[in-house]
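Below is one structure; the comments refer to it alone.
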Amino acid sequence: MREHDLHERFESSFDDADTMRRKGKRGKRANADDTEPTRRGRMTEEEKLRIARLREDQLSTADTPEDGDRWSTWGDAEQGPRPHPDWLVTELAAVDRELGIVKTGKEADVFLLERAMGEKACLLAAKRYRSNDHRMFHRDAGYLEGRRMKKSREMRAIQNRTAFGRNLIAEQWAVAEFAALARLWQIGAPVPYPVQRSGTELLLEFIGDDEGNAAPRLAQARPDEDELLDLWRQLVATLMTLAEAGLTHGDLSAFNLMVHEGRLIMIDLPQVVDLVANPRGVEFLDRDVRNISGWFASRGLPPEIADPSALVATLLDVAGMA
């Protein structure tokens, strides 16, 4: 065979292969036309959140008890420290029923909830952080110092205050408050027992009477001289308990303390501050003490007793930071 003929056969083999490739591509396009187009790319975090909420709504409406608003969520939630109190209903077949709203706030609302199983029942405070559209975490920058997330994508979302980022901030508040309450409860601080956490909902011990009337805030109390001194001593003991654990409330005022049957109880701890990890920890401690000392002084407690500078020095010494 001549060299020219060999060259023609070699070139022809490439032409045939090219023809087959073109046919294959046309065939694929033809087959693709017969099928429905598929969505490409990743879902946004906002879309994932929307779908998750939709699924939760569908599940909640599909399986609702006749005598309540939902079945107990105890089995699916992060549970409070052991041993669980005797008054707490922990049966998985229990029913939750909402009885009304207790308090509205800038970051969360608190509802009264009854959890019952047969004759056994208990009242709980359901604290729910607000949705993305209504949440106003106006103070979170300073409090979140010292709380770092491992994923840079999540940190960016928080810093940019995207819808996904705001949801992460809400969950951070809930996680931080639940952890702080559990820790303080275990060391004997006067705080509500943290029953459970599920997402951005906290269920807490209800501080009030059996009829569902919440105990008054300290700001609403009108104690006489002896009662005022007793409440001050309780407050100092509570602040010392926190300082021993290296913590301060972070937003302490007469509105974040309740008086129930003569006992002072500290509430609202999502912004609890670690005195060491947070570079502004001492600043927050000083502000807490001066705020609450000012309230007691305005009610008649002698200034030599409600001396904020002396109390701050004592608490820093207890915390090992003097």
Side-chain angles (χ1 to χ4, degrees), residues 45-46 49 52-53 56 73 76-81 101-111 113 124-151 153-185 189 191-207 217 242 245-253 255-258 265-275 277-281 283-285 287-288:
E45 297 298 340
E46 291 81 357
L49 288 171
R53 292 192 192 98
E56 289 176 1
T73 53
D76 300 321
E78 179 183 0
Q79 298 173 358
I101 192 163
V102 176
K103 175 182 175 291
T104 60
K106 293 178 180 178
E107 289 91 15
D109 297 323
V110 181
F111 297 83
L113 192 88
L124 303 173
K127 185 172 185 178
R128 295 168 186 158
Y129 286 90
R130 290 171 178 258
S131 67
N132 290 334
D133 295 334
H134 301 290
R135 194 178 302 122
M136 296 189 298
F137 291 108
H138 61 294
R139 299 162 296 137
D140 57 17
Y143 296 115
L144 292 177
E145 289 188 62
R147 301 183 197 172
R148 295 290 179 253
M149 304 190 73
K150 295 180 180 179
K151 296 182 180 178
R153 178 178 62 85
E154 294 181 350
M155 280 301 300
R156 286 195 302 271
I158 287 175
Q159 291 166 357
N160 296 330
R161 296 301 190 270
T162 64
F164 175 58
R166 292 195 300 272
N167 194 70
L168 286 175
I169 292 174
E171 189 143 356
Q172 275 196 314
W173 285 120
V175 169
E177 181 166 23
F178 190 77
L181 286 169
R183 183 179 177 186
L184 292 172
W185 172 269
V191 296
Y193 176 75
V195 174
Q196 66 177 66
R197 181 191 68 84
S198 181
T200 56
E201 181 190 69
L202 300 180
L203 294 189
L204 311 172
E205 174 188 3
F206 176 69
I207 307 299
R217 306 296 175 107
L242 266 68
L247 303 172
T248 190
H249 186 284
D251 192 29
L252 187 60
S253 74
F255 292 95
N256 289 332
L257 293 162
M258 302 180 82
I265 298 173
M266 183 176 284
I267 60 171
D268 292 339
L269 288 136
Q271 70 294 307
V272 66
V273 173
D274 189 307
L275 293 173
N278 192 309
R280 296 175 57 191
E283 175 189 337
F284 282 117
L285 173 65
R287 191 180 70 180
D288 280 350

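These figures come from a predicted structure and were not determined experimentally. Side chains included, hydrogens not; waters and symmetry mates left out as well; all remaining heavy atoms used.
- Judged by distance alone, the side chains of E78 and S198 never bring a donor and an acceptor atom under 3.5 Å apart.
- A salt bridge does not link R197 to E177: none of the charged side-chain nitrogens sits closer than 4.0 Å to a carboxylate oxygen.
- Annotation: the span from L242 atom CG to M266 atom CE amounts to 5.5 Å, rounded to 0.5 Å.
- The CG atom of L124 sits 12.0 Å away from atom CG of L202, with the distance rounded to the nearest 0.5 Å.
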In sequence, state the C-alpha distance, the side-chain angles, and the governing distance for E283 and N278, and then conclude on side-chain contact (heavy atoms from CB on, under 4.5 Å).
CA-CA 10 Å; E283 175 189 337; N278 192 309; over 6 Å; no
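- Of the possible donor and acceptor atoms, none in the side chain of E205 sits under 3.5 Å from a partner among the backbone N and O of V195.
- For the pair T73/Q196, a side-chain contact is recorded, criterion being any heavy-atom separation below 4.5 Å from C-beta on.
- Taking every heavy atom of both residues into account, L203 and A126 meet most closely at CD2-CB, 3.4 Å.
- R217 CZ: more than 12 foreign heavy atoms inside a 6.0 Å radius.
- Interatomic distance, L113 CG to F206 CZ, rounded to the nearest 0.5 Å: 11.5 Å.
- Taking both residues in full, the closest heavy atoms of L204 and P194 are given as CD2-CA, 3.9 Å, listed atom of the first, atom of the second, then distance.
- A salt bridge does not link D109 with K127: every distance from a Lys NZ or Arg NE/NH1/NH2 to an Asp or Glu carboxylate oxygen is 4.0 Å or more.
- A donor-acceptor contact closer than 3.5 angstrom links the side chains of D288 and T248.
- Rounded to the nearest 0.5 Å, atoms CG (L269) and CD (Q271) are 6.5 Å apart.
- Residues P192 and I265 share a closest heavy-atom pair of CD-CG2, 3.9 Å.
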Please step through side-chain contact (heavy atoms from CB on, under 4.5 Å) for the pair N256 and D251, ending with a clear verdict.
CA-CA 8 Å; N256 289 332; D251 192 29; 4.0 Å; yes
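- The two residues V110 and I101 come nearest to each other via the heavy atoms O-CG1, 3.4 Å.
- Other residues, nucleotides and ligands place more than 12 heavy atoms under 6.0 Å from the CZ atom of F111.
- When all heavy atoms of P270 and W173 are compared, the closest pair comes out as O-CE3, 3.1 Å.
- Remark: the backbone N or O of L285 is not paired with any side-chain donor or acceptor of H249 at under 3.5 angstrom.
- The two residues V272 and A176 make their nearest non-hydrogen contact at CG1-O, 4.4 Å.
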